[in-house]
Amino acid sequence: MDEVYQVKPIGFVQIRQENISIHLEQEYHSGLSGLEGFSHLQVLWWAHRTDSAENRQRLVLGKPFRMGPDRLGIFATRSPARPNPVMVSIIEVDEIDDKEGILYPSFLDADDGTPVMDIRPYFAMERVRDCQVPDWCRHWPQWYEEQMTFDWRQEIESL
């Protein structure tokens, strides 16, 4: 296959004290048109702080979760160590400044300077009514809002 894949950030995360914002490059500002009215968005971002040749080749993690199995394949985790460190976060939108190309989410699990690859609206139809998960993570939050107060430190083995 002779195809070349090119991926270019559309913007970057900025964190100043507790204020989080996503600043789009000028050429993408008009892409925010029509987002008003969406309470939540999907943000695809590049885990640049963990992007390395070694992490891109890690396919198995040793017991990342306290209640999980001793080994998990990378595709059974949300770990940023993966063949292509593309992460997906659902954000609640507090404000959109489409003239300046800035999104203001209430929370985003990315770092200051994180490259943002894409933004998409979150539709309620994307929920799955009868979603099944393994026993070791069945006690995790069932809804977006519940994850904010869940004690993740008790779940992650390395913390």
Side-chain angles (χ1 to χ4, degrees), residues 1 3 5-13 15 18 20-22 24 28 31-32 34-96 103-159:
M1 187 178 258
E3 294 182 51
Y5 297 97
Q6 295 181 349
V7 180
K8 175 183 166 189
I10 63 168
F12 295 87
V13 173
I15 301 175
E18 294 187 20
I20 304 168
S21 53
I22 298 171
L24 298 186
Y28 300 110
L32 295 174
L35 282 182
E36 57 278 344
F38 283 100
S39 64
H40 293 77
L41 302 172
Q42 295 177 344
V43 177
L44 285 76
W45 49 277
W46 196 266
H48 68 296
R49 294 198 193 273
T50 57
D51 189 5
S52 69
E54 178 185 345
N55 279 343
R56 283 177 173 244
Q57 295 191 15
R58 291 182 71 186
L59 297 178
V60 177
L61 298 177
K63 196 161 181 68
F65 305 107
R66 288 193 173 116
M67 295 181 67
D70 288 340
R71 292 168 40 98
L72 274 176
I74 198 67
F75 302 127
T77 76
R78 297 280 180 101
S79 170
R82 45 196 334 106
N84 292 300
V86 176
M87 307 303 287
V88 179
S89 296
I90 304 296
I91 63 166
E92 183 174 7
V93 181
D94 288 342
E95 182 185 346
I96 299 173
L103 293 168
Y104 296 94
S106 53
F107 176 79
L108 177 60
D109 55 343
D111 296 320
D112 185 48
T114 296
V116 173
M117 309 316 288
D118 202 0
I119 297 167
R120 300 175 184 170
Y122 176 81
F123 294 101
M125 68 181 172
E126 294 178 282
R127 295 178 294 185
V128 177
R129 188 182 322 275
D130 297 316
C131 178
Q132 299 297 312
V133 298
D135 287 340
W136 58 266
C137 62
R138 194 157 286 145
H139 65 286
W140 288 4
Q142 298 294 306
W143 297 99
Y144 171 83
E145 294 80 5
E146 295 170 355
Q147 71 169 328
M148 305 291 184
T149 58
F150 188 75
D151 189 0
W152 288 105
R153 292 172 297 169
Q154 295 297 317
E155 299 299 315
I156 309 296
E157 186 64 35
S158 62
L159 293 179

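Side chains included, hydrogens not; waters and symmetry mates left out as well; all remaining heavy atoms used. Index from 1, following the sequence.
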In residues 79-88, what donor-acceptor pairs under 3.5 Å come from side-chain atoms, sequence neighbours left out?
| unit_1 | atom_1 | unit_2 | atom_2 | d |
| --- | --- | --- | --- | --- |
| S79 | OG | A81 | N | 3.1 |
| R82 | NH1 | T77 | O | 3.4 |
| R82 | NH1 | S79 | O | 2.6 |
| R82 | NH2 | I74 | O | 3.4 |

query: Going through the distances and angles, do T114 and L108 end up as a side-chain contact (heavy atoms from CB on, under 4.5 Å)?
result: CA-CA 11 Å; T114 296; L108 177 60; over 6 Å; no
task: Start with the C-alpha distance between Q147 and W152, add both sets of side-chain angles, then the distance that settles side-chain contact (heavy atoms from CB on, under 4.5 Å), and finish with yes or no.
output: CA-CA 8 Å; Q147 71 169 328; W152 288 105; 4.2 Å; yes
task: Please test Y122 against E92 for side-chain contact (heavy atoms from CB on, under 4.5 Å), starting from the C-alpha separation and ending with a verdict.
output: CA-CA 10 Å; Y122 176 81; E92 183 174 7; over 6 Å; no
- prompt: Going through the checks in order, is the side-chain contact (heavy atoms from CB on, under 4.5 Å) test met by W45 and D111?
  reply: CA-CA 10 Å; W45 49 277; D111 296 320; over 6 Å; no
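The CD1 atom of I22 sits 4.5 Å away from the CD1 atom of I91 when rounded to the nearest 0.5 Å. For the atom pair OG1 of T50 and CZ of R58, the computed distance is 10.0 Å after rounding to the nearest 0.5 Å. One distance of note links OG of S106 with NE2 of H40; it measures 7.0 Å at 0.5 Å rounding. Interatomic distance, C137 SG to E155 CD, rounded to the nearest 0.5 Å: 9.0 Å. Rounding to the nearest 0.5 angstrom, the gap separating the CG atom in L32 from the CG atom in L41 is 9.0 Å. Put simply, CG on D151 and CD1 on I156 are 10.5 Å apart, with the number rounded to the nearest 0.5 Å.
With a 4.5 Å cut-off on side-chain heavy atoms, V116 and Y28 do not count as touching. Within the 4.5 Å cutoff, the side chain of I119 has heavy atoms near those of the L24 side chain.
A donor-acceptor distance shorter than 3.5 angstrom exists from the side chain of R127 to the backbone of A124, with no hydrogens or angles considered. The main-chain N or O of W140 is found under 3.5 Å from a side-chain atom of Q142 such that the two form a donor-acceptor pair. For R138 (side chain) and V133 (main-chain N/O), a donor-acceptor pair under 3.5 Å exists by modelled atom type.
For the residue pair S21 and P105, the shortest heavy atom distance occurs at CA-CD, 4.1 Å. Contact record, I15 with A110: CD1-O, 3.4 Å, taken as the closest heavy-atom pair. Shortest non-hydrogen contact noted between G113 and F12 is O-CD2, 3.5 Å. The nearest pair of heavy atoms linking Y144 to M148 is OH-CE, 3.3 Å. Here the shortest heavy-atom pairing between K63 and R66 reads NZ-O, 3.0 Å. Looking at every heavy atom in both residues, I90 comes nearest to Q42 through CD1-CG, 3.5 Å.
The aromatic rings of F38 and F123 sit perpendicular, their planes meeting at an angle over 60°, well past the 30° parallel limit.
Residue E54 places its CD atom among 12 or fewer non-hydrogen atoms of other residues, nucleotides or ligands, all under 6.0 Å distant.
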